[in-house]
Amino acid sequence: MRLQVATRHAIFSVLELAAQPHRQMSAVDIAEKYAISPNHLAKVLRTLGREGIVDASRGVGGGYRFVGNPKRLTLFDIIAIFEPIGPTSGGFEAGDDTSEGQALRLVMNEIEDTARATLSSITIDTMLKIARRSKGASIETVIRKAAGQ
């Protein structure tokens, strides 16, 4: 699964801000860490602000602060803001009217349902734990530890 650039920037920003929820950070500070455009990131942060995930303060000492609940906010919640997520039952494509096309549609819907369920089960709090534990470990080990297995 590939995420759009804005979605990745949003996830990085939320993780950065949620790691220190009482600290305000500028878009420039976050952009420098992840080597991304501060202007593009500012647009993403404004969107997150409209969704009530971050709060913005203007002026000297201003910046963005995480106001969501890291134990309830999931990756799916963030991704759904920036990505078109839904069943593939939209428009007709060549071959859809065949039994093979219908079988493919069923399989693709199942894959999307599984991805949606997985992303809905991973909270920002879990992601922060994975990030802290990921230095030098395999991703499978990190995820198992974060899930308490």
Side-chain angles (χ1 to χ4, degrees), residues 1-91 93 96 103-149:
M1 171 180 217
R2 292 194 59 104
L3 298 174
Q4 295 179 34
V5 171
T7 307
R8 291 177 55 85
H9 292 178
I11 293 169
F12 293 151
S13 297
V14 168
L15 291 172
E16 194 66 28
L17 295 168
Q20 301 176 61
H22 300 296
R23 179 176 176 224
Q24 291 194 124
M25 297 181 74
S26 71
V28 172
D29 291 337
I30 298 168
E32 284 178 0
K33 177 174 180 178
Y34 296 98
I36 57 181
S37 162
N39 292 332
H40 187 73
L41 183 61
K43 292 177 187 173
V44 168
L45 288 165
R46 280 193 296 275
T47 301
L48 291 171
R50 283 192 300 274
E51 296 294 325
I53 296 170
V54 301
D55 188 35
S57 298
R58 293 182 175 239
V60 177
Y64 296 90
R65 186 173 59 85
F66 180 72
V67 294
N69 181 339
K71 293 182 185 291
R72 296 193 64 149
L73 185 68
T74 67
L75 284 179
F76 182 81
D77 296 331
I78 297 167
I79 292 169
I81 296 168
F82 297 92
E83 304 274 341
I85 297 177
T88 56
S89 60
E93 294 184 34
D96 279 355
L104 179 59
R105 175 74 48 121
L106 287 171
V107 169
M108 295 308 294
N109 284 341
E110 183 68 27
I111 291 168
E112 286 185 14
D113 289 346
T114 301
R116 192 176 300 109
T118 301
L119 293 169
S120 294
S121 72
I122 301 172
T123 65
I124 295 305
D125 188 55
T126 300
M127 285 295 296
L128 291 171
K129 289 175 185 174
I130 291 170
R132 287 183 202 114
R133 295 176 182 164
S134 67
K135 294 175 179 68
S138 74
I139 191 67
E140 293 83 8
T141 300
V142 171
I143 291 172
R144 262 193 253 98
K145 285 182 181 178
Q149 297 177 349

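Keep in mind that the numbers below use all heavy atoms, side chains included, and drop hydrogens, waters and symmetry copies.
- No hydrogens or angles considered: a donor-acceptor pair under 3.5 Å links the side chains of Thr123 and Thr126.
- Here the closest heavy-atom approach between residue Gln24 and residue Gly63 is recorded as OE1-O, 3.8 Å.
- Between Tyr34 and Phe12, the ring planes lie parallel to each other; the angle is under 30°, not in the 30° to 60° tilted range.
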Does the side chain to side chain contact (heavy atoms under 4.5 Å, CB included) test come out yes or no for Val44 and Phe82, once each step is laid out? CA-CA 9 Å; Val44 168; Phe82 297 92; 3.9 Å; yes
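- Taking a cutoff of 4.0 Å between a charged side-chain nitrogen and a carboxylate oxygen, Asp125 and Lys129 qualify as a salt bridge.
- When every heavy atom of Glu51 is checked against every heavy atom of Ile81, the shortest pair comes out as CG-CD1, 3.6 Å.
- Counting only distance, with no hydrogens or angles, the side chain of Asp77 and the backbone of Thr74 share a donor-acceptor pair below 3.5 Å.
- Rounding to the nearest 0.5 Å places CG of Leu106 at 11.0 Å from CD1 of Ile111.
- Between Lys43 and Thr47, every side-chain heavy-atom pair lies at or beyond the 4.5 Å cut-off.
- In this structure, Leu41 CG and Glu32 CD are separated by 11.0 Å, a value rounded to the nearest 0.5 Å.
- The NE2 atom of His40 sits 5.5 Å away from atom NE2 of His9, with the distance rounded to the nearest 0.5 Å.
- In this structure, CG on Leu75 lies 9.0 Å from CG on Leu3, to the nearest 0.5 angstrom.
- Smallest separation of non-hydrogen atoms from Val28 and Pro38: CG2-CB, 4.1 Å.
- To the nearest 0.5 Å, atom NE2 of residue His22 and atom CZ of residue Arg65 are 8.5 Å apart.
- The shortest heavy-atom contact between Leu73 and Ile78 is CD2-CD1, 4.1 Å.
- Leu48 has its side chain out of reach of Leu17: every pair of non-hydrogen atoms, C-beta onward, lies at least 4.5 Å apart.
- Looking only at distances, a side-chain donor or acceptor of Glu83 sits under 3.5 Å from a matching main-chain atom of Gln4.
- Considering only heavy atoms from C-beta on, Val14 stays 4.5 Å or farther from Tyr64 through its side chain.
- Expressed to the nearest 0.5 Å, how far CG of Leu45 lies from CZ of Arg50 amounts to 11.0 Å.
- Considering every non-hydrogen atom in both Ile30 and Ser13, the closest pair reads CG2-OG, 3.9 Å.
- Among all heavy-atom pairs drawn from Ala18 and Ile124, the shortest one is CB-CG2, 3.7 Å.
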